[in-house]
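First up is the structure itself, then whatever we jot down about it.
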Amino acid sequence: MGASGKGPHPTGKGALGAGAPGPGWLKGKAAALVLSFDVDAEAAILPYGRRYAEHAMVMTHQAYGPLVGVPRLLQLLTDVALKATFFIPGLTAERYPEMVERVAAAGHEIAHHSFSHRSAVTLTPDEERLDFERALDALGRLGVRPVGHRAALWEATWRTPALVAEYGLLYDSSLMDDDRPYLLETGNHAIVELPPHWSLDDWEQYAYLPQPSIGQHIESPTKLLELWSGELDAMCHYHCLCMVTCHPFLSGRPSRIEALRRFIEFAAARSDVDIVTAEEVARRAAADATLARRRPVPLGVNAEVYPDA
Ligand SMILES: [Zn+2]
């Protein structure tokens, strides 16, 4: 990786803007919508301290996701006859194997979401690799071989894409320098990046706990519906990937799941929006010869200009 930081940022070729004809991966549609569900459960909390394992309110707040949220979401997806992508940490898979089997039996995609849900930027390279392998092992014991990866908290390191490629996965969904798929060169072969964004994440609207401080939000589901519908409309103009991220412990609550149903119905009513799994988008993107190609370029930072580590 070039780390001098002196050159310009590579913009890649084939990037499309407003008014351009739709890219090949969209197959004539204006935009693609992926419904992704991060089943973080208890793993979202334990990085704040393993003492929270003794905290029954906090642990049960998180267990609501696999116990109640996921079954309701599976019913919703059956109602609307759509497939979705479930990013499941290895710890969640070990604690709730029946939930994983139910998701798989319903035909949804299951993808890699770390083992422990610790932020990779807090780990050493060896720790990041070990956690990555543990996640593969946990899913593998349940017969799941994921093709996609999402870093816990989206906090990938510059090493992460090469790890995703090394273990033979097709795509990552953690980086934020686009709102369309692109090819990401790594130290190994290239992978597809499917960028998410905070504005399409239910966490920013709904995450509330007194402790640990995961958020202080209990927003109206109507607000989320307005935000996401407006974003999808605009994304049709710019030919984007609308990567919605929901957490069953948050969006499994009744008024929230019904807002999600209305959002899905809004998207489905637009004939120019394709609602598909992340794997399907990644496969289409990988086959699109016009896809933008990028490589990670860490900044080389001058310690005299930025003295704080
Ligand atoms: Zn997560």
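When a ligand or atom number is given, it counts from 1 through the structure's own listing order.
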Provide the protein N, O or S atoms situated under 2.8 Å from the Zn ion (ligand 1); waters are not included.
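For the Zn ion (ligand 1), the protein N, O and S atoms that sit under 2.8 Å away are D40 OD1, D40 OD2, H113 NE2, H117 NE2.
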
Is a side-chain donor-acceptor pair under 3.5 Å present for T85 with E279?
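No, no side-chain donor-acceptor contact under 3.5 Å.
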
Checking side-chain polar atoms at under 3.5 Å, does R102 have a donor or acceptor matched by the opposite partner on Y96?
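Not at all, the side chains of R102 and Y96 share no donor-acceptor pair under 3.5 Å.
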
Side chain to side chain donor-acceptor pair (under 3.5 Å) partners of residues 263-274, not counting sequence neighbours, each pair once
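Matches after skipping sequence neighbours: D233-R270, R270-D272, D274-R284.
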
Salt bridge between R261 and E258, side-chain N to carboxylate O under 4.0 Å?
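Result for this pair is yes, salt bridge flagged.
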
For Y206, does the six-membered ring have the charged nitrogen or CZ of R256 within the cation-pi criterion, i.e. under 6.0 angstrom from the centroid and within 45° of the normal?
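Satisfied, under 6.0 Å and within 45°.
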
Side chain of H108, backbone of A84: donor and acceptor closer than 3.5 Å?
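Side chain of H108 to backbone of A84, a donor-acceptor pair under 3.5 Å: yes, one is there.
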
